[in-house]
Enquirer: 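The structure follows.
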Amino acid sequence: MDVSHLLDDLNKPQREAVSAATTPTLVLAGAGSGKTRVLVHRIAWLIQVEQFSPFSILAVTFTNKAAAEMRARIEQLLGTPMGGMWVGTFHSLSHRLLRRHWQEAGLPQLFQIIDSDDQLRLVKRVSRNLGLEEANWPARQSQWFINARKDNGERPEHIEDKGDPQTSQLRAIYEAYEAACKQAGVVDFAELLLRSLELLRDNPELLAQYRQRFRHLLVDEFQDTNTLQYGWLRLIAGDTTPPFAVGDDDQSIYGWRGAKIENIQNFSKDFHSTNIIRLEQNYRSSGNILEAANALIDNNQGRLGKNLWTDSGQGELIHLYAAHDENDEARYVTSRIRQWVEQGNNHQECAILYRSNAQSRVFESQLIEAGIPYRVYGGQRFFERAEIKDALAYLRLSANRHDDPSFDRVINQPPRGIGDKTVSVIRDHARDSGTSLWQAATALLEMNHFTARASNAITGFTQLIADISIDISGLPLEEQVDKTIRASQLKQHYLHKEKGDKGEARVENLNELVSAAQGFIYKPEDEHANMDFLSAFLSHASLEAGDSQTKAGNDCAQLMTLHSAKGLEFPLVFLVGLEEGLFPSQQSSEELNRMEEERRLCYVGITRAEKQLVISYAEQRRLYGTTHYGVPSRFIHEIPDRLVEPVRPKPSRPSWSASGYNTPTTSHIKQDTGGLSIGQSVSHKKFGNGIITDTEGSGSHARVQVNFEDAGSKWLVLTYANLSPL
DNA sequence: AGTGATGACCTTTTT
DNA sequence: GGTCATCACT
């Protein structure tokens with residue numbers, strides 16, 4: 001068979017990786033070096049050249065998006081469907097294992113998955129049941145504790161409190177939370193991984209069976225694995241299945257949520273005779289951009305070492321814009337986008353990347369004003385919307401009465417006259433008798449515990465759920481969903497409660513849910529083993545939260561955080577808000593590790609750019625209601641001057657004087673305005689006392705606007721004005 | 001049970 | 001500054 005198409009258009013190290021011997025292999029793939037390509041070609045190589053069956057291949061990614069892309073590209077390259085290959089996220093593959101072996105895993109057959117929102121509610125309820133004050137034991141922190149422990153592979157019994165009452169209490173919450181999950185038959189995200197690891201670890205025959213089956217284990221974005229995921233990989237790999245891991249230590253930006261960059265460093269210790277291959281040729285960015293990225297990341301210690309290069313020429317210099325404030329920054333970026341499009345390019349080729357979501361607003365309003373279409377990534381996703389979760393809760397409850405999180409959610413949604421008082425009676429009874437909320441409610445009804453009014457309301461609810469399950473049984477999925485939504489009267493509720501667009505948008509989303517059900521593909525033979533159609537759909541809804549916005553087709557400028565930009569690329573990139581305290585963020589400045597992660601984040605940002613990179617910072621910025629005076633980020637200083645071209649503002653801006661801008665100094669960084677700031681009271685020989693209301697320019701050109709008590713508002717050049725602070 | 005007011009919060013995000 | 005959540009009020 002001719003396999004030249006698998007190697008022909010690859011460079012040397014890429015070929016080496018694709019055709020590597022079956023030993024543990026670590027591919028250090030720099031940004032834009034063709035990492036996904038190597039993975040996909042490697043899989044095709046194993047099948048077409050090494051003649052391995054697709055059944056013997058397991059490939060793991062972090063996001064659904066990455067998994068979907070990999071699947072599509074493999075099928076395209078092979079020209080056939082993938083057969084029995086397992087390609088998915090850590091969570092979806094763990095999920096699959098648990099569905100196949102639910103009994104061995106100690107789970108009910110129809111266990112459901114809760115997302116972090118459901119988890120938080122459950123932790124809240126558990127804490128209340130333990131009689132803990134929310135103020136002393138914030139549910140968020142307890143949730144974080146539980147997840148961190150699970151990510152570490154620890155159950156409550158593994159936690160030693162060492163006499164610390166805090167740890168001991170949190171352990172008790174963890175324990176009670178586990179019991180609540182068991183009671184309700186639900187499993188959280190971290191549990192999927194931990195439970196499947198325990199399943200394999202404690203069932204040697206099962207483990208042997210999977211080790212026998214999977215001869216190849218491929219891992220994407222290896223630098224993002226946490227302790228639990230790495231343990232999972234090592235367990236499946238054993239001594240027989242050499243892993244093929246692809247990653248980039250310089251792009252590790254998820255340390256704050258448990259990713260262990262050390263895993264990449266430990267790889268060659270844990271797997272003997274590891275073959276390390278470096279992909280250093282970059283096919284994305286121009287030379288100047290790449291050089292800037294290299295210079296920046298070189299400030300980090302303990303890197304595995306890697307230097308990206310390109311043969312595509314120097315390209316444009318990096319533009320640096322020193323904005324007056326955040327509005328000026330947004331105006332500049334907007335004008336550059338307009339200019340870009342006027343030159344015959346597309347909006348979607350432009351990306352504005354920022355450190356935190358709060359920064360997007362200013363850009364949005366400027367873009368609206370300029371009539372430029374844009375799309376903001378992140379934010380609420382489809383299956384996370386309140387109305388969708390309500391509808392899903394009805395469905396889940398109809399499938400499993402003891403699903404407490406769902407019961408809790410819709411017992412009085414829409415309001416049916418069951419108040420907090422009644423619900424807490426039900427909760428207390430459930431807690432004391434160790435039953436589900438549903439059982440508690442029906443038991444209390446039988447005991448005639450409620451007033452006639454409450455009793456009627458509760459009976460109405462239980463009857464509604466019972467009716468729904470009878471009515472929808474046996475119907476096609478989309479009719480089940482549709483009937484449930486109707487029966488719940490959620491649409492009427494939302495239309496009534498939220499007048500105007502908001503309510504209608506919710507109704508539209510509920511309609512969209514029916515379409516989603518219609519489009520859902522049921523695969524009982526592999527992915528959805530041991531699940532009925534409805535359960536499979538509900539699991540899918542939890543596991544894959546769905547895209548935040550459906551209208552991806554339009555030509556829009558792209559706005560997103562640096563984190564969500566990872567893996568993407570754009571011809572024109574704006575890296576905005578490069579000020580100390582914002583990026584790098586204040587919280588990261590004390591610790592070296594966190595500062596290095598910020599730097600990697602900046603590295604990720606720079607390497608998103610193909611042709612043109614524009615960096616900007618603002619001298620003053622309103623954030624959380626107060627004005628901050630920005631010092632340019634250290635990251636700007638870490639980029640060599642020769643790669644940077646400071647740009648002038650548009651002279652037409654009224655609050656700008658062109659002369660005050662960017663005096664030629666040794667550095668491309670502006671000097672500050674001599675210790676005077678807005679809001680400060682000053683005194684002038686001739687004009688008397690006043691308050692500084694604005695500043696502009698720098699060095700000898702710096703001017704301030706002072707609102708004098710008697711003489712009114714004036715612009716003064718600092719060097720001549722001789723102002724004294726009061 | 002539904003509304004209006006007050007107070008804490010405030011990196012980054014996937015599953 | 002803006003959001004969200006909780007509380008007090010009707």
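Computation of the quantities below employed the complete heavy-atom set of this structure, encompassing side-chain atoms and omitting hydrogens, waters and symmetry-equivalent molecules. Bear in mind the structure is a predicted one, so any value in this text is a computation, not a measurement.
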Enquirer: Under 6.0 Å from the six-membered ring centre of Tyr254(A) and within 45° of its axis: does the NZ or CZ of Arg257(A) meet both?
Expert: yes

Enquirer: Considering heavy-atom distances to DNA chain B, does Ser542(A) or Arg355(A) have its closest nucleotide positioned more toward the 5' end?
Expert: Arg355(A)

Enquirer: State which of dT11(B), dT13(B), dG2(B) makes the closest approach to the side chain of Pro415(A).
Expert: dG2(B)

Enquirer: Donor-acceptor pair under 3.5 Å: do we get one between Thr561(A)'s side chain and the base of dT11(B)?
Expert: no

Enquirer: Identify, between Lys497(A) and Arg257(A), the residue whose nearest nucleotide on DNA chain B lies closer to the 5' end.
Expert: Lys497(A)

Enquirer: In Å, rounded to the nearest 0.5 Å, how long is the span from CG of Leu93(A) to CG of Leu98(A)?
Expert: 11.0 Å

Enquirer: Closer than 4.0 Å, any side-chain N/O of Asn357(A) to the OP1 or OP2 of dT13(B)?
Expert: yes

Enquirer: Select base, sugar-phosphate, or nothing to describe what Ser356(A) touches, counting heavy atoms under 4.0 Å on all strands.
Expert: sugar-phosphate

Enquirer: Could you give the CG-to-P distance, from Asp220(A) to dT14(B), as a whole number of Å?
Expert: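 Nearest whole value for this atom pair: 16 Å.
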
Enquirer: Assign dT12(B) to syn or anti; the rule is syn for a glycosidic angle within 90° of 0 and anti otherwise.
Expert: anti

Enquirer: Take atom CG of Leu353(A) and atom P of dT12(B), then tell me their distance rounded to the nearest Å.
Expert: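 Leu353(A) atom CG is separated from dT12(B) atom P by 14 Å.
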
Enquirer: Could you give the CZ-to-C1' distance, from Arg140(A) to dA8(B), as a whole number of Å?
Expert: 13 Å

Enquirer: Under 5.5 Å between ring centres and under 30° between planes: true for Phe62(A) and the base of dT14(B)?
Expert: no

Enquirer: With a 4.0 Å cut-off on heavy atoms, is Ser588(A) in touch with a base, just the backbone sugar-phosphate, or nothing at all?
Expert: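 Answer is base: heavy atoms of Ser588(A) come under 4.0 Å of a base.
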
Enquirer: Can Trp232(A) and Phe90(A) be said to form a ring-ring contact (aromatic ring centres under 6.0 Å, His included), step by step?
Expert: CA-CA 9 Å; Trp232(A) 194 92; Phe90(A) 280 101; 5.7 Å; yes

Enquirer: Can you check whether His563(A) and Tyr377(A) have ring centres sitting under 6.0 Å from each other?
Expert: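 That pair fails the under 6.0 Å test.
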
Enquirer: Using whole Å, what does the distance between atom P of nucleotide dT12(B) and atom CH2 of Trp256(A) come to?
Expert: 8 Å

Enquirer: Using a 4.0 Å heavy-atom cut-off, does Asp115(A) contact any base of the nucleic acid, only the sugar-phosphate backbone, or nothing at all?
Expert: nothing

Enquirer: Within 45° of the axis and under 6.0 Å from the centre of the six-membered ring of Phe111(A), does NZ or CZ of Arg99(A) qualify?
Expert: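 Flagged: Arg99(A) positioned over aromatic ring of Phe111(A).
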
Enquirer: Assign Ser116(A) to base, sugar-phosphate, or nothing according to its heavy-atom contacts below 4.0 angstrom with the strands shown.
Expert: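 Counting heavy atoms under 4.0 Å across all strands, the contact made by Ser116(A) includes a base.
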
Enquirer: Considering only dT11(B), dG2(C), dT14(B), which nucleotide approaches the side chain of Thr63(A) most closely?
Expert: dT14(B)

Enquirer: Does dT15(B) have OP1 or OP2 sitting under 4.0 Å from an N or O in the side chain of Tyr254(A)?
Expert: no

Enquirer: Does the ring center of Tyr210(A) lie less than 6.0 Å from the ring center of His101(A)?
Expert: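 Here the rings of His101(A) and Tyr210(A) have centres that are less than 6.0 Å from each other.
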
Enquirer: How many whole angstroms separate atom CD of Glu134(A) from atom P of dG7(B)?
Expert: 19 Å

Enquirer: For Gln119(A), report the nucleic acid contact type (base, sugar-phosphate, nothing); a contact means any heavy atom under 4.0 Å.
Expert: nothing

Enquirer: Base, sugar-phosphate or nothing for Leu93(A)? Non-hydrogen atoms, less than 4.0 Å.
Expert: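 Nothing, no nucleic acid heavy atom in range.
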
Enquirer: Heavy atoms under 4.0 Å, any strand shown: does Phe583(A) hit a base, just sugar-phosphate, or nothing?
Expert: nothing

Enquirer: Atom CG of Leu543(A) to atom C1' of dT14(B): distance rounded to whole Å?
Expert: 10 Å

Enquirer: Kindly say whether, by distance alone, the side chain of Arg381(A) makes a donor-acceptor pair under 3.5 Å with the base of dT14(B)?
Expert: no

Enquirer: Rounded to the nearest 0.5 Å, what's the gap from CG on Leu194(A) to CD on Gln229(A)? Could you check?
Expert: 12.0 Å

Enquirer: Is the phosphate of dT15(B), meaning OP1 or OP2, less than 4.0 Å from a side-chain N or O of Asn64(A)?
Expert: yes

Enquirer: With heavy atoms under 4.0 Å as the rule, sort Arg416(A) into base, sugar-phosphate or nothing.
Expert: nothing

Enquirer: Nearest whole Å is fine: how far is dA1(B) P from His493(A) NE2?
Expert: 13 Å

Enquirer: Can you check the Arg622(A) CZ to dC10(B) C1' distance for me, whole Å?
Expert: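 Checked: the CZ to C1' distance equals 16 Å.
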
Enquirer: Which listed nucleotide (dT15(B), dG1(C), dT11(B)) is nearest to the side chain of Glu598(A)?
Expert: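 That would be dT11(B).
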
